[in-house]
Amino acid sequence: MTAQLIDGNALSKQLRTEVATRAQALKAKGITPGLAVVLVGDNPASQVYVRNKVKACEDSGLHSVLEKYEATMTEADLLARVEALNNDPAIHGILVQLPLPAHIDAQKVIEAISPAKDVDGFHIASAGALMTGMPGFWPCTPYGCIKMLESIGYDLRGKHAVVIGRSNIVGKPMALMLLQKDATVTVAHSRTQNLKALTQQADVIVAAVGKRNVLTADMVKPGAVVLDVGMNRNDEGKLCGDVDFEGVKEVASHITPVPGGVGPMTITMLLVNTLEAAERASK
Ligand code: GUN
């Protein structure tokens, strides 16, 4: 079997067109959806990420501001900036790029963001809303994974989903979203014993560890759907995921490539959340 690709670029394009259309409708009412992206320090990867986020906003007709600060910025000054953005009516979403310099308590900064503007979905109120099925913002990467499953018409009800990884940003919220869609969910992690026995039973596998070849063909049930959240480099320096793509694509029914899979969906869902925040604020 050769799996069908779930193309994150194509799906992103479609969803971003919808965002642009909804943004136009809000603009007609005098509201331009606005995202503030805050970067502290000069982490090269973060600089690329924030540039891509701001560009994606521009391309979809969203207003965006990029605030860049020196790595020496104090925690108090950053908290004051977040508070100012909380009170800025032109800003509907606030994203503080992580990681922050070591002298700043990242969790404290995240908790300072108004939950109504927490388009990253990292605030404890957003996590609680996801856990209880209340309205809130879902973290962008796992939310993108759900959209990818929807795009292939996949019905999660009663299916066994195995999530590999338990981070607050991907693994844990992914498990809660799958549970909300009525899947039976197993969360595996670095201490899990006999991972292969679990993944072999899975109808859906989400690999979100940050390590190459966590999932190989012998671990996958024929016909399973495989989503690869990993972003690693192989020995030749090429971008690759957590999944042994060449092997697993011969067993799975659907698989996301790296690059061009989950990656573009993360920024797309940030746009969706920002638009949603602006729509909610306009009501
Ligand atoms: N750093 C890496 N990914 C992310 C993300 O999705 N949001 C934020 N705020 N920081 C990140």
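For ligands, and for the atoms within them, numbers begin at 1 and follow the listed sequence. In this text, all values refer to a predicted model and were calculated from it rather than measured experimentally.
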Exercise. Checking side chain to side chain contact (heavy atoms under 4.5 Å, CB included) for the pair His92/Lys117: CA distance, chi angles, key distance, verdict?
Worked result: CA-CA 5 Å; His92 304 96; Lys117 299 189 177 187; 5.7 Å; no
Problem set entry | Worked check of side chain to side chain contact (heavy atoms under 4.5 Å, CB included) between Ile205 and Leu227 | CA-CA 6 Å; Ile205 303 170; Leu227 306 181; over 6 Å; no
Exercise. Are Ile164 and Val206 close enough, and set up right, to give a side chain to side chain contact (heavy atoms under 4.5 Å, CB included), and what steps lead you there?
Worked result: CA-CA 6 Å; Ile164 316 173; Val206 182; over 6 Å; no
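Remark: Lys181 is not positioned above the aromatic ring of Tyr154, lacking an NZ or CZ atom under 6.0 angstrom from the ring centre and at most 45 degrees off the axis.
Close approach of ligand 1 to Val96 is summarised as follows: ligand atoms under 4.0 Å from at least one heavy atom of the residue are 8 (C), 9 (N). Near Phe122, with a cut-off below 4.0 Å to any heavy atom, the atoms of ligand 1 are 7 (N), 8 (C), 9 (N). Under a 4.0 Å criterion applied to the non-hydrogen atoms of Leu95, ligand 1 contributes the atoms 9 (N).
Between the side chains of Asp228 and Thr256, not a single donor N or O lies within less than 3.5 Å of an accepting N or O.
Each of Asn232, Asp242, Asn234, Asp235 was checked for a side-chain hydrogen bond (donor to acceptor under 3.5 Å, both in side chains) with Arg212, and the lone residue meeting it is Asp235.
Within the 4.0 Å heavy-atom criterion, neither part of Thr141 lies near ligand 1.
The heavy atom nearest to atom 4 (C) of ligand 1, out of those in Met269, Gln97, Met231, is found in Gln97.
Of the protein's non-hydrogen atoms, Leu98 N, 3.0 Å is the one closest to atom 10 (N) of ligand 1. Atom 6 (O) of ligand 1 has its closest protein heavy atom at Asp120 OD1, 3.8 Å.
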